[in-house]
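Here is the structure we will look at, set down as structure tokens.
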Amino acid sequence: MAAVASRHVDLPKQHRNSHTPAVSDELPTSSVIAQCDKIQVFDAQNNATSFGDLYKDTKGKVLIVFIRHFYCGLCQQYLRTLASTFPPTSTSFKAIIIGHGSTSVMPSYIETTSCPFPIYTDPSRQLYNLLGMTANIGMGSTRPQYQTESTMSTILSSLVGELKAGTKIFSGGDYSLNGGEWVCEDGRVVWGHRMRNTRDHAEVEVLREVLEEML
């Protein structure tokens, strides 16, 4: 097994610019992880489970993706890219998606994204806070590879989703709260990336390098 707990794969240089906040990808301490493991997350049926139960007893690799609000068009494109790149039926790792909106909008989100991965939500946002996720609405200066639609089209599709939500428009989560990606192996958090801006999810090439490094 490769020794990866003390290192991480840096963001590609094209994703670093003067608009990128100084955010560390340092792994959380064991104390913080212990606090995170006790926090409850919920599925679309409002069933609760402890965050730690999602990965602690899993042998092998687990990719945990924290998304932005449930109406974010960029995150929806990211999930579709992940699903096409890492289809659950042909990968050696488990993937989990976590948002921070209300469980009431999760069924429509699952339908809209056709996401094949289990989706949970952290409506308390305690996980986001403990793991040091950033809060801003900046887009950065570089368009990510997973953004398959134009910026204008992405904004419009997000607006359409919000309008369709009607009274649930404010149930998708905090519009300024960003997410990130964490990789666990045999129950340990070994790699992490915190989004610097609203379209700064780790590219699939970076995730592939991290996951293959652990083989």
Side-chain angles (χ1 to χ4, degrees), residues 1-12 15 25-30 32-34 36-44 47 49-68 70 72 74-100 106 109-110 113-122 127-128 130-133 144-148 178-195 199-215:
M1 181 186 302
V4 298
S6 62
R7 66 181 297 273
H8 63 265
V9 176
D10 276 338
L11 283 175
H15 287 282
D25 283 335
E26 183 177 356
L27 297 181
T29 65
S30 57
V32 167
I33 292 175
C36 289
D37 288 344
K38 298 176 183 178
I39 295 172
Q40 288 192 323
V41 293
F42 302 84
D43 64 17
N47 298 311
T49 187
S50 297
F51 175 67
D53 289 342
L54 299 180
Y55 74 95
K56 279 291 187 181
D57 296 327
T58 301
K59 186 68 175 178
K61 302 178 289 296
V62 180
L63 169 64
I64 305 176
V65 177
F66 286 83
I67 59 172
R68 301 183 65 247
F70 283 129
C72 177
L74 288 164
C75 286
Q76 293 178 16
Q77 292 173 55
Y78 187 63
L79 294 192
R80 294 188 186 101
T81 300
L82 287 180
S84 63
T85 306
F86 306 115
T89 55
S90 60
T91 56
S92 60
F93 63 90
K94 175 182 177 183
I96 296 169
I97 312 301
I98 297 180
H100 59 269
M106 290 176 66
Y109 186 79
I110 294 171
T113 60
S114 299
C115 182
F117 310 119
I119 300 181
Y120 298 87
T121 187
D122 167 31
L127 287 173
Y128 285 75
L130 285 169
L131 293 173
M133 307 300 191
Q145 294 179 10
Y146 65 81
Q147 184 180 341
T148 56
N178 298 314
E181 297 74 40
W182 302 89
V183 175
C184 307
E185 184 174 27
D186 298 335
R188 297 179 302 112
V189 179
V190 296
W191 182 88
H193 165 249
R194 298 174 180 89
M195 293 175 69
R199 54 179 184 176
D200 188 40
H201 278 295
E203 295 282 11
V204 293
E205 290 82 3
V206 174
L207 293 179
R208 192 195 305 277
E209 181 179 349
V210 172
L211 292 164
E212 288 181 352
E213 185 179 64
M214 298 178 188
L215 295 178

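Hydrogens, waters and symmetry mates are skipped; everything else that's a heavy atom, side chains included, is used.
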Of all heavy-atom pairs linking Val32 and Leu130, the shortest is CG1-O, 3.5 Å
Check: Tyr146 side chain, Ala202 main-chain N or O, donor-acceptor pair, under 3.5 Å:
no
Do Trp182 and Pro28 come close enough that some side-chain heavy atom pair is under 4.5 Å?
yes
Pair Val183-Phe93, side-chain contact (heavy atoms from CB on, under 4.5 Å): steps then yes or no:
CA-CA 10 Å; Val183 175; Phe93 63 90; over 6 Å; no
Residues Tyr55 and Ile33: closest non-hydrogen pair is OH-CG2, 3.4 Å
Please answer whether the main-chain N or O of Glu203 pairs with a side-chain N or O of Gln145 as donor and acceptor at a distance below 3.5 Å.
no
Euclidean distance, Leu127 CG relative to Asp122 CG, rounded to 0.5 Å:
4.0 Å
Do Ile96 and Tyr120 make a side-chain contact, defined as non-hydrogen atoms from C-beta onward lying under 4.5 Å apart?
yes
Stepwise side-chain contact (heavy atoms from CB on, under 4.5 Å) test for Met106 and Ile119:
CA-CA 8 Å; Met106 290 176 66; Ile119 300 181; 3.9 Å; yes
The reported gap from CZ in Phe66 to OG1 in Thr121 (rounded to nearest 0.5 angstrom) is 10.5 Å
Are the side chains of Arg208 and Thr85 in contact, using a 4.5 Å heavy-atom criterion?
yes
Could you grab the distance from atom OG1 of Thr81 to atom CG of Leu207, nearest 0.5 Å is fine?
11.0 Å
Dump the intermediate steps for side-chain contact (heavy atoms from CB on, under 4.5 Å) on Leu54 and Ile98, then the final yes or no.
CA-CA 11 Å; Leu54 299 180; Ile98 297 180; 4.2 Å; yes
Show your reasoning for whether side-chain contact (heavy atoms from CB on, under 4.5 Å) applies to Trp191 and Glu181.
CA-CA 8 Å; Trp191 182 88; Glu181 297 74 40; 4.1 Å; yes
NE2 of His201 to CZ of Arg194, rounded to nearest 0.5 Å, is 15.0 Å
Starting at OH of Tyr128, measure out to CZ of Arg68 and round the result to the nearest 0.5 Å.
10.0 Å
Between CG on residue Leu74 and CE on residue Met195, distance to nearest 0.5 Å
7.5 Å
Within a reach of under 6.0 Å around CG of Asp57, are more than 12 heavy atoms found that belong to other residues, nucleotides or ligands?
no
